[in-house]
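Taking it in order: structure first as structure tokens, then the write-up.
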Amino acid sequence: MTADASRGGARTSTDPGAGRTGAEDGPAGVTSVDRQSNAPVADGGLAVAVAGPLGVSGIDRREASGRRSGGAGSAGPAGASAVSTRRRLADRRWFRIAGGALLPLGLLVAWQLASTSGAVPVSMLPSPEMVWTAGVDLAERGLLGLYVAISTQRVFIGFAVGAALGLVVGAVVGLSKLGDLLLSPTLGAIRAVPSLAWVPLLILWLKIGEESKVVLIAIGAFFPVYTVVAAALRHVDRQLLEAGRAFGLRGVRLLSVVQLPAAVPSVVSALRLALAQSWLFLVAAELIASSMGLGFLLVDSGNNGRIDRIFLAIILLAVLGKLSDAVVGLFERWAVRKWA
Amino acid sequence: MPATPTSTSAAALPVEFRGVGRAFPTASGDRPVLRGIDLVVEAGEILAILGPSGCGKSTLLRIAGGLDRPTSGWVTIAGSPVGDYDARSAIGFQEPRLLPWRTVAQNVALGLPRGTARAAGRAHVARLLELVGLAEFAEHRPREISGGMAQRTSLARALARSPHVLLLDEPFGALDALTRLRMQDLLLEIHAAEPTTVLLVTHDVDEALQLADRIVVLGTEPGPDGAASTDAAPGAGIRQTVVVPGTRPRDRGSAELAELRGRLLDGLGIDRHGAARGIQATSTIPAFPY
Ligand SMILES: Nc1ncnc2c1ncn2[C@@H]1O[C@H](COP(=O)(O)OP(=O)(O)OP(=O)(O)O)[C@@H](O)[C@H]1O
Ligand SMILES: [Mg+2]
């Protein structure tokens, strides 16, 4: 650390941000590994949800904050007005939603054309209408609601348990040297186990009930949260920590005034990541052993050659994953505005 | 007097350094930075610490505040040893070190002594922000204010503590000339209203002359070529102690001070015409040989 006079005036406030970006990079790597190990099962359905927290949000957020601090006060001169309206347009909610819906609508049209023109046989690519009918049919038999509900329930319970444990263990490892020393090698080794390797063990131990699935999902949600929280707490700007201590903060007060707030933005993005992981692990769990849920719908339809239902399940997974991600994304935005 | 104390006024306390040394471990063995510092700072005194960059001024200040420990010798405040993060002192860091998620006012409030009543604390913070000229920016975040404003916030935070000993590490370094003069006057006003012992690290000889009762110059012993060398191993000690004559506020242009300024610049290895061993120095702010 060079204590250079000219750099003394440099703003320390940017440092934690830089540190956090580093921390975010960690779990991104982690997921992509996990994702690859699961690729055959779940990549299609969850690509949307996974891409959310990793790629888009990080960039989005930085741009948004830059815009807020840079552009807010500078409206006025006529020359700048063209630029500022365009920006404002891009910021408008309806514009963003419409923009984001453009590609799915285009795909839908292309799908419709491809399947009705006869270019692709219906046994390979059912028409949108067939998928819709399959959905209505399942709904009338009461299965669609049941499958969606049970899958969502599994994800949320597993996510809640895994994320809560991840927060606690991450805090222990990130804050205490002893915790780090004792726990992190073992947890690192467990993290290295490909998630599907747990399935036979979980089924033997917990049978094919809810527990085995929820536990698998919890494992999936645990690691991103644990990894990011530990790293974020470990890398809280030392200068800020020292300033906190110099002004009399110790223990719990130091934690609540300096350490936790400094870690909040990375923790929230870790939660978002963990939620995406949870959907991924849900499908893994349901594909292998279940009698209900969207994963079950996938296998069952695969066995019966019901390609319309396969499409239905994939679309539902995309929609559910994206919706839950959007909710956490809103929370993330709020948290970043408040804490970063 | 604009600076009326608004919280429990703390008495100034003396600080004593005895044989203080600090060495930092490096790959190639310990590297001494400070060595044999003996210094008594009287209660209520303003002591300026001058010295070339990297000579250990911040290190000395950190030791005085209990943020760092000496490897030899000891430091006391009012006769009792300085503890870890000693509550009797408050420090204004060389960097602002503001919490980015808190507003300017909340950052200043961090400096309030523990147990300050909420309303009294808020009033005190508002008063301090007024004094450092940041009242309008109370609700801004650190990233929304300039570097100099951040530094003033950091100064206000240290002042909020009403400390017995105030440790300031180049508090006016990032300020323009006019704001710098205003902040110097402010420091003197506050010091007059609410006496406290001040250790002020600065690079600016004129600032030291204007503010301090006494100036110590830190540096290593001159090498064979007569130059103060900062990378030679032995560590910095007190090379010069100067009692500044007269009472504050001092006339910035007086002949007596000009004479002292020359002596101090000499002590820093700069000749009187502002040339630092061949390096062109700008105005009166000395450029230090690295
Ligand atoms: N934590 C540390 N570990 C190792 N070396 C350190 C540490 N802190 C300071 N030093 C070294 O001690 C020396 C003095 O540092 P210090 O920050 O006290 O200088 P300074 O006089 O305040 O300089 P400046 O005027 O540039 O602020 C430097 O050479 C620095 O490398
Ligand atoms: Mg320094």
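Note: hydrogens, waters and symmetry copies are ignored here, and every other heavy atom, side chains too, is used. Here is how names work: the chains are called A, B, and so on, in the same order as the sequence lines, proteins then strands, and each is numbered from 1.
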**Request:** Before giving the answer on side chain to side chain contact (heavy atoms under 4.5 Å, CB included), spell out for F93(B) and Q239(A) the whole-Å C-alpha distance, their side-chain angles and the decisive distance to 0.1 Å.
**Result:** CA-CA 9 Å; F93(B) 293 97; Q239(A) 294 202 325; over 6 Å; no
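Summarising the geometry of R161(B) relative to A246(A), their closest heavy-atom pair is NE-O, 4.4 Å, with the distance given to 0.1 Å. Nearest heavy atoms, K338(A) versus R141(B): O-NH2, 2.8 Å.
Interface remark: D84(B) contributes backbone atoms only to the contact with chain A (heavy atom separation under 4.5 Å). Heavy-atom distances place both the backbone and the side chain of R157(B) under 4.5 Å from chain A.
In this structure, the separation between CG on L249(A) and CG on L110(B) is 5.0 Å, given to the nearest 0.5 Å. Within the model, atoms CZ of F247(A) and CG of L112(B) stand 10.0 Å from one another, a figure rounded to the nearest 0.5 Å.
Enclosure of atom CZ in R250(A) by more than 12 non-hydrogen atoms of other residues, nucleotides or ligands within 6.0 angstrom is indicated.
Residues of residues 253-260 of chain A lying under 4.5 angstrom from chain B, judged on non-hydrogen atoms, are R253(A), V257(A), V258(A) in numerical order.
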